[in-house]
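Notes follow once the structure below has been shown.
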Amino acid sequence: MEKNMKVNFDFLKERVVDSLDHSDLEFIRSELSKLSDATIFSGVGGSSVVSEFGAKVINKKNGIITVNMEPRDFIYSNSNLFKNVVSCSYSGNNYGVELSFLNSLKKYLLSNNSFDDNNVTNLTYSTTIDKERSFISLGATLIPVSILMDYYLEGNNNLIVDLIKEVNFDFDIKSDIYEIFSGRDTSTAAKYLESTMVESGIGIPIVHDKYSYCHGRSTLGVSYDCSAIYYNRNTEFDKIMLEELKKYYKTIIIIDSKFQDQVLDDYYMLIQSMYLTKYIANKKSKDLSKVEYSPIVKKLYKYNGKI
């Protein structure tokens with residue numbers, strides 16, 4: 001029987017725990033700790049959420065320059081300014097991984113599989129539970145993000161596991177347009193939310209940098225009937241913003257901070273964002289695991305020519 005969204009959310013925590021128990025976390029932590037020069041993280045689709053988080057973790061933990069880059073951008077960027085590339089891919093065998101490795105950088109692959117190349121260091125995480133069958137990556141996103149969180153927290157997996165729990169939302173779906181208020185500190189959560197809404201068709205997302213919103217991006221909210229999704233880290237600016245937004249948006253969905261630490265908070269808000277997409281999908285009678293995607297996917301998904 002084909003697995004659906006409910007099953008995949010029910011197994012989400014179990015899949016993460018299983019991977020933390022069966023992966024060689026000491027090896028992964030050891031290899032990640034060796035990144036001492038400027039490093040590119042790369043991923044596409046659900047894995048771009050992983051690469052966004054990875055760049056953030058290594059930037060703060062290792063104290064080095066990091067960027068998150070789409071695979072195609074390698075062709076148009078001067079990657080010689082960097083020393084390492086960490087490609088993130090659950091399958092480990094898509095064209096994006098190949099694109100990110102077409103350079104002289106030291107190569108790492110964070111994946112559920114290994115890359116058959118002696119020049120690639122495989123940071124492989126393992127799972128014993130049946131592979132997730134889902135159009136939207138849930139476990140396939142949260143597992144590697146949790147592996148990175150394990151490195152950041154130096155093996156404190158109890159905190160990771162405690163944070164994976166369902167968050168309850170209660171609001172009416174009045175608009176298909178969602179203005180998402182985010183920033184560098186909540187970029188992983190916002191990237192998941194934007195990507196999932198687009199890929200599943202459950203909403204039309206527009207991501208605002210909070211401060212940029214103050215300089216002209218506020219016009220949209222008075223021109224269209226939009227809902228606001230606000231990542232609230234309880235700063236003085238956040239308090240002012242939320243007070244003002246109440247005057248212009250009928251629905252404001254607030255995802256609250258829990259930690260002072262930005263990396264830990266982004267992980268926590270990512271989990272909340274996952275359950276927010278579940279709530280919206282249920283309200284719209286859609287299944288994130290069985291999306292009726294565009295026929296164009298059959299033509300473009302496995303493209304591997306000049307890009």
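Every value quoted in this text rests on a predicted model; they were computed, and no experiment measured them.
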The remaining residues in the hydrophobic cluster of Leu220, counting side-chain heavy-atom contacts under 4.5 Å among Ile, Leu, Val, Met, Phe, Trp and Tyr, are Ile177, Ile204, Ile206, Tyr224

Using a strict threshold of under 4.0 Å (side-chain N to carboxylate O), is an ion pair present between Lys106 and Asp37?
no

Would a single hydrophobic cluster contain both Val198 and Tyr192, if residues Ile, Leu, Val, Met, Phe, Trp and Tyr are joined by side-chain heavy-atom contacts under 4.5 Å?
no

Keeping to residues at least two apart or across chains, list the side-chain hydrogen bond (donor to acceptor under 3.5 Å, both in side chains) pairs with something in residues 40-50.
none

Which pairs pass salt bridge (Lys or Arg N to Asp or Glu O under 4.0 Å) with one or both residues in residues 74-86, sequence neighbours excluded?
none

I want to check something: taking the side chain as every heavy atom from C-beta on, are Asn122 and Phe27 in contact at a cut-off of under 4.5 Å?
no

Does anything in residues 199-223 pair up under ring-ring contact (aromatic ring centres under 6.0 Å, His included), and if so which pairs, sequence neighbours excluded?
Phe181-His208, Phe181-Tyr213, His208-Tyr213, Tyr211-His215

Which pairs with one or both residues in residues 48-104 pass ring-ring contact (aromatic ring centres under 6.0 Å, His included), sequence neighbours excluded?
Phe101-Phe115

Any residue meeting side chain to side chain donor-acceptor pair (under 3.5 Å) with Thr121, in chain and number order, not counting sequence neighbours:
none

Residues 166-174 side chain polar contacts: donor-acceptor under 3.5 Å, at least two apart:
{"from": "Glu166", "atom 1": "OE1", "to": "Lys278", "atom 2": "NZ", "distance (Å)": "3.4"}
{"from": "Glu166", "atom 1": "OE2", "to": "Lys278", "atom 2": "NZ", "distance (Å)": "3.2"}

Show which residues join Val44 in its hydrophobic cluster (side-chain heavy-atom contacts under 4.5 Å, direct or indirect), or state none.
none

Applying salt bridge (Lys or Arg N to Asp or Glu O under 4.0 Å) as the test, list every pair that has at least one member in residues 262-276; sequence neighbours left out.
Lys56-Asp266, Arg233-Asp265

What do you reckon, is CD1 of Ile296 surrounded by more than 12 foreign heavy atoms closer than 6.0 Å?
no

Listing request: all ring-ring contact (aromatic ring centres under 6.0 Å, His included) pairs with a residue in residues 122-141, at least two apart in sequence or in separate chains.
Phe135-Tyr293

By salt bridge (charged side-chain N to carboxylate O under 4.0 Å, His left out), Lys247 pairs with (sequence neighbours left out) Glu244

Under 3.5 Å, which donor-acceptor pairs do the side chains of residues 61-71 form with other protein atoms, sequence neighbours left out?
{"from": "Lys61", "atom 1": "NZ", "to": "Tyr152", "atom 2": "O", "distance (Å)": "3.3"}
{"from": "Lys61", "atom 1": "NZ", "to": "Glu154", "atom 2": "OE2", "distance (Å)": "2.7"}
{"from": "Asn62", "atom 1": "OD1", "to": "Tyr151", "atom 2": "OH", "distance (Å)": "2.6"}
{"from": "Asn62", "atom 1": "ND2", "to": "Leu32", "atom 2": "O", "distance (Å)": "2.8"}
{"from": "Asn62", "atom 1": "ND2", "to": "Leu35", "atom 2": "O", "distance (Å)": "2.8"}
{"from": "Thr66", "atom 1": "OG1", "to": "Ala55", "atom 2": "O", "distance (Å)": "2.6"}
{"from": "Asn68", "atom 1": "OD1", "to": "Ser51", "atom 2": "OG", "distance (Å)": "2.7"}
{"from": "Asn68", "atom 1": "ND2", "to": "Glu52", "atom 2": "OE1", "distance (Å)": "3.0"}

